[in-house]
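Okay, so here's the structure we're looking at.
Numbers restart at 1 for each chain; the letters A, B, ... are given by sequence-line order, proteins then strands.
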Amino acid sequence: MPVITVYINGQKISTESGVTILEVCKANNIPMLTLCHLKGLHDIGACRLCLVEIEGVNRLLSGCTTQVADNMMIRTDTDRIKRYQRITVELFFAERNHVCAVCVANGNCELQQAGYAVGLDHIRYPFLYPECNVDTSHPWFVMDHNRCIMCTRCVRVCTQVEGAGNWGVMNRGHDVRIISDFNTPWGESSTCTDCGKCVHACPTGAIWPKAVAQGQLTKYPEMIGELVEKRKLLQ
Amino acid sequence: MKKKLATVWLGGCSGCHMSLLDIDERILEVAKLADIVKCPIVDGKPFPEVDIALVEGSVTSDEHYEEILHIRKQAKVLVALGDCAVMTNITGMRNYFPLQDVMAAAYTHSPSNDGEGMWPNHAALLKLHGKVLPLQSVVTVDVVVPGCPPSADTIFYVLYELLNDRMPDLSTAQKLKYG
């Protein structure tokens with residue numbers, strides 16, 4: 001891979017081409033807010049938190065899906081980016097029913113951490129209060145759609161790492177839902193291997209083991225990336 | 001000149017007031033700078049004119065609605081204290097259902113009344129609204145303090161800043177917390 005030069009927040013950085021802005025930022029300790037990104041999974045730019053401004057491009061682009069190019073002038077820290085990041089996190093909270101006080105992931109939730117990172121102290125948009133199902137049909141795990149932010153980390157880990165393809169996505173807009181098989185109860189799934197990778201990949205309290213109570217959930221999402229690396233060694 | 005401080009408890013569990021009491025001896029620091037002129041254990045006087053009003057809980061009924069409009073007129077600085085006041089929190093969990101279903105679940109179908117319970121309906125009782133609202137959907141809120149409850153440290157920080165004529169900033173003070 002040829003080596004190219006990019007400028008991130010004015011800092012001159014040499015990097016190989018063919019990598020994303022997020023990868024370059026991570027390699028150079030430049031902080032970048034992410035939520036749908038998980039090491040080991042393909043990035044899809046779903047959460048719109050890793051926004052970057054690129055000179056000559058009018059709109060904001062997602063750092064996880066945009067590849068670097070030679071002499072690219074990138075900014076990750078402008079007021080415009082911070083404003084949009086806060087709006088995005090607020091909309092996550094307003095879209096479904098996130099009640100931190102009763103959530104298993106309270107205190108160990110990537111959505112909460114994103115809120116703290118963008119300085120979110122209240123939500124300026126009307127809450128939608130959609131009626132969402134809680135699927136408890138699986139013997140060990142629960143899928144609570146109230147707390148889902150549609151990052152699709154569960155869908156991607158199930159397809160790309162486990163290879164089972166149990167999880168999918170149904171509908172569009174605010175009717176969008178994660179589904180098991182063809183929208184059937186998770187406990188009746190013929191594809192789920194009960195591996196629990198989606199439990200660890202989920203950034204919020206949407207997928208959790210039945211054995212935990214409020215605020216007791218601990219997850220280990222890094223496991224996914226480690227697993228992918230280990231499997232490469234076997235090939 | 002000492003400031004006037006008042007606290008009120010709308011649709012909440014009083015946990016935020018418990019957390020306020022958890023500031024322990026630091027209440028003496030507050031008392032040096034302010035008189036607490038109204039709180040849930042002060043008998044039924046109307047909400048007086050104050051410098052700072054700490055409002056716990058969300059707006060769930062006609063009574064809360066009237067009260068928060070009155071408090072807004074009386075208070076120079078209105079503080080939304082706790083997740084219920086800021087984002088409805090647990091009190092808002094009934095918003096997913098029609099009010100009739102909520103009442104039926106509580107008064108008709110709960111195991112203790114065998115499907116024969118009477119819905120409370122007296123002129124002196126408050127009337128529940130169909131949807132629970134956070135304070136900022138009803139009035140202008142000057143300071144928001146999320147948390148269920150906000151920690152005693154956070155509440156003291158907010159009070160101390162306000163009593164010294166500064167605006168608290170929970171984000172830079174790294175005191176943001178939900179749940």
Heavy-atom distance under 4.5 Å to chain B: side chain of L120(A), backbone, both or neither?
both

Min side-chain heavy-atom separation M93(B)-V102(A) under 4.5 Å:
yes

Under 4.5 Å from any heavy atom of chain A - which part of [X]:
{"X": "V143(B)", "result": "neither"}
{"X": "L170(B)", "result": "neither"}
{"X": "P134(B)", "result": "side chain"}

Among V144(B), V145(B), V86(B), which residue has the highest count of heavy-atom pairs closer than 4.5 Å to chain A?
V144(B)

How would you list, in number order, the residues of residues 22-42 of chain B that have a heavy atom less than 4.5 Å from chain A?
none

For chain A against chain B, give me the donor-acceptor pairs closer than 3.5 Å, one per line with atom names and distance.
{"from": "T88(B)", "atom 1": "OG1", "to": "Y129(A)", "atom 2": "OH", "distance (Å)": "2.8"}
{"from": "N95(B)", "atom 1": "ND2", "to": "Y129(A)", "atom 2": "OH", "distance (Å)": "3.3"}
{"from": "Q136(B)", "atom 1": "NE2", "to": "I123(A)", "atom 2": "O", "distance (Å)": "3.2"}
{"from": "Y178(B)", "atom 1": "N", "to": "Y116(A)", "atom 2": "OH", "distance (Å)": "3.0"}
{"from": "Y178(B)", "atom 1": "O", "to": "Q112(A)", "atom 2": "NE2", "distance (Å)": "2.9"}
{"from": "Y178(B)", "atom 1": "OH", "to": "G115(A)", "atom 2": "O", "distance (Å)": "3.3"}
{"from": "Y178(B)", "atom 1": "OH", "to": "L120(A)", "atom 2": "O", "distance (Å)": "2.7"}

So does M167(B) have more than 12 non-hydrogen atoms from other groups sitting under 6.0 Å from CE?
yes

For A101(A) against C148(B), the heavy-atom pair lying closest together
CB-SG, 3.4 Å

